Asks: 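So that we are looking at the same thing, I have put the structure below in structure tokens.
Note that the structure is predicted; figures quoted are calculated from it, not measured.
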Number of protein chains: 2
Amino acid sequence: MPYTYEYPRPSVTVDCVVFGFDDKEPDLKVLLIQRAADPYKDCWALPGGFVDMDEPVETAAMRELEEETGLTDVFLEQLYTFGNPGRDPRGRVISVAYYALIAPADKQITAASDAQNVHWFSVNHLPPLAFDHDLILQTGLQRIRGKVSYQPIGFELLPEKFPLSALQKLYETVLETPLDKRNFRKKILSMGILKELDEFQQDVSHRAARLYSFDKAKYEQMVKEGFYFELKEQRSRETARKKLNPKG
Amino acid sequence: MPYTYEYPRPSVTVDCVVFGFDDKEPDLKVLLIQRAADPYKDCWALPGGFVDMDEPVETAAMRELEEETGLTDVFLEQLYTFGNPGRDPRGRVISVAYYALIAPADKQITAASDAQNVHWFSVNHLPPLAFDHDLILQTGLQRIRGKVSYQPIGFELLPEKFPLSALQKLYETVLETPLDKRNFRKKILSMGILKELDEFQQDVSHRAARLYSFDKAKYEQMVKEGFYFELKEQRSRETARKKLNPKG
DNA sequence: ATGGCTTTGTGTATTGCATACACTTTAACA
DNA sequence: TGTTAAAGTGTATGCAATACACAAAGCCAT
């Protein structure tokens with residue numbers, strides 16, 4: 001026990017809420033691991049672990065994610081720090097949570113390290129989770145729901161090349177609202193941040209859709225010039241009217 | 001040195017970016033303390049300190065804020081966690097940063113604890129800061145710039161009763177853009193989240209403006225019913241036209 | 001009291017964008 | 001070849017954002 005301090009110190013961990021989108025189902029999924037060790041042995045949990053003394057916190061998140069699930073090169077952003085006393089039976093543990101967005105089809109998942117199992121779960125059918133991981137997960141869900149409308153992070157959940165219908169389904173799923181096809185296409189295309197490809201869907205039993213890709217360089221250029229991404233839930237005229245005159 | 005652990009542990013601190021608004025100047029201010037102890041003795045810094053083992057992190061932020069500046073009952077939200085190795089010369093210190101919004105006129109400030117001095121600084125005229133506090137402060141600034149447009153947090157920076165011109169100046173200051181008076185008033189009043197008071201400015205050497213207050217209960221009710229606060233930088237027709245046809 | 005100064009407070013015409021809405025085209029497969 | 005499934009496309013309407021200027025109020029100095 002060589003590490004001695006004048007005052008007590010908490011442990012610091014990282015946890016990752018990894019979101020994935022499947023446009024076949026379609027629903028929003030979260031990657032969970034089944035714990036191989038106590039506490040909460042056999043319970044499902046977010047991938048994560050202790051921060052090393054000489055690594056940045058975000059690096060720790062990426063390292064733990066790779067160790068436990070095999071994932072590398074993912075979009076990763078800090079979510080929130082959870083540090084209530086009592087959230088971990090081992091003592092005072094403060095956890096810096098991150099959220100990641102990946103296109104499951106693009107990435108291979110492998111259980112490793114102290115995960116005995118890794119699995120995608122729909123956010124609507126989650127198992128009981130270890131620690132306060134359900135709170136962390138719900139916080140992540142709120143975050144991406146709030147964020148997709150104002151930042152083009154949704155593209156991180158799609159493969160590099162995708163049909164417009166997949167993008168629309170993604171937005172419909174995350175925002176939990178149907179969108180009008182013509183209006184959606186008109187709006188996203190008018191932004192000019194998509195590259196129209198000369199490629200089409202393969203192996204579909206109906207007319208193949210044209211594929212697009214997100215033009216990140218152009219998007220960043222446009223942001224510099226004052227462009228403002230916005231792709232929100234459509235507010236119907238009904239709703240708008242009610243706002244002004246609640247009696248109908 | 002009674003605290004001994006099997007693995008090394010970082011220290012965990014909190015830091016607070018306290019924003020205030022002065023509609024006389026008008027500019028956005030930040031509350032800084034002058035450190036009474038090493039490291040960075042005499043240097044200006046964000047109020048903050050170590051998290052106790054048995055208190056929630058947010059409680060630590062409120063406690064340190066009160067100890068060092070005398071402030072209580074302020075709007076406080078978590079901002080971001082800064083934990084790069086090397087950010088503190090005392091060793092590995094991970095800091096959970098919060099930001100606070102207050103109306104300086106409503107609150108009394110008092111230097112105490114290990115602050116030898118407390119002072120409001122304009123965000124445009126900051127002294128050199130201790131640790132990575134400039135990074136934290138800029139992160140806070142970005143956060144409120146991004147957030148005022150979509151959440152009515154601006155009211156936290158005004159006294160309870162305020163004239164519309166103060167609200168407008170606040171938005172102009174935070175968004176760094178002029179706003180049209182008639183359009184601003186039309187929009188904010190049409191939202192129905194302001195209570196029109198039967199009180200007027202006192203001691204002004206011109207026509208006294210009517211005072212308003214933010215109707216928080218009504219706002220929260222409206223949010224439940226699907227209301228969506230939005231008060232953004234106005235995009236001129238010029239700008240909008242350039243977007244579609246860059247050549248003019 | 002009068003005129004000057006400062007800030008409040010108000011209305012309308014125009015334009016652009018969001019919305020609502022349905023049918024034809026394409027391609028695979030039976 | 002016709003059945004099925006999804007892709008792809010245009011327009012009319014209405015609301016909301018914008019641009020814009022002057023009269024009213026109240027204090028102050030003369």
Asks: Could you check whether the side chain of B:R182 and the base of D:dA21 have a donor-acceptor pair of N or O atoms closer than 3.5 Å, going by distance alone?
Replies: yes
Asks: Taking atom types as they are modelled, would you say the side chain of A:K186 forms a donor-acceptor pair with the base of D:dT11 within the 3.5 Å cutoff?
Replies: yes
Asks: Within the pair B:R235 and D:dA17, is there a side-chain N or O less than 4.0 Å away from OP1 or OP2?
Replies: no
Asks: How many Å lie between CG on B:L189 and P on C:dG11, as a whole number?
Replies: 12 Å
Asks: For the side chain of A:D180, counting heavy atoms from C-beta on, which of C:dT8, D:dT18, C:dC21 is nearest?
Replies: C:dC21
Asks: Looking only at non-hydrogen atoms, find the nearest pair between B:W120 and B:F19 and report the distance.
Replies: CZ3-C, 4.0 Å
Asks: Please state how far atom CD1 in A:I188 lies from atom C1' in C:dC17, giving the value in whole angstrom units.
Replies: 16 Å
Asks: Is the B:F162 to B:F214 ring centre distance short of 6.0 Å?
Replies: no
Asks: Checking only heavy atoms, does the side chain of A:R207 share a donor-acceptor pair with the base of C:dT26 at less than 3.5 Å?
Replies: no
Asks: Both A:P163 and B:Q234 contact DNA chain D. Which one's nearest nucleotide lies toward the 5' end?
Replies: A:P163
Asks: With nearest nucleotide decided by heavy atoms, which residue, A:N183 or A:A208, maps closer to the 5′ end of DNA chain C?
Replies: A:N183
Asks: Kindly point out which of D:dC27, C:dT8, D:dG8 is positioned nearest to the side chain of B:S205?
Replies: D:dC27
Asks: Distance check needed: C:dA20 P versus A:K187 NZ, whole Å only.
Replies: 13 Å
Asks: Between P on C:dT19 and CZ on A:R185, what's the gap in Å once rounded to a whole number?
Replies: 18 Å
Asks: Figure out the OH/C1' separation between B:Y228 and D:dC15, and round it to whole Å.
Replies: 19 Å
Asks: Is the A:F82-A:Y80 ring centre distance short of 6.0 angstrom?
Replies: yes
Asks: In this structure, are over 12 heavy atoms from other groups packed under 6.0 Å from B:E160 atom CD?
Replies: no
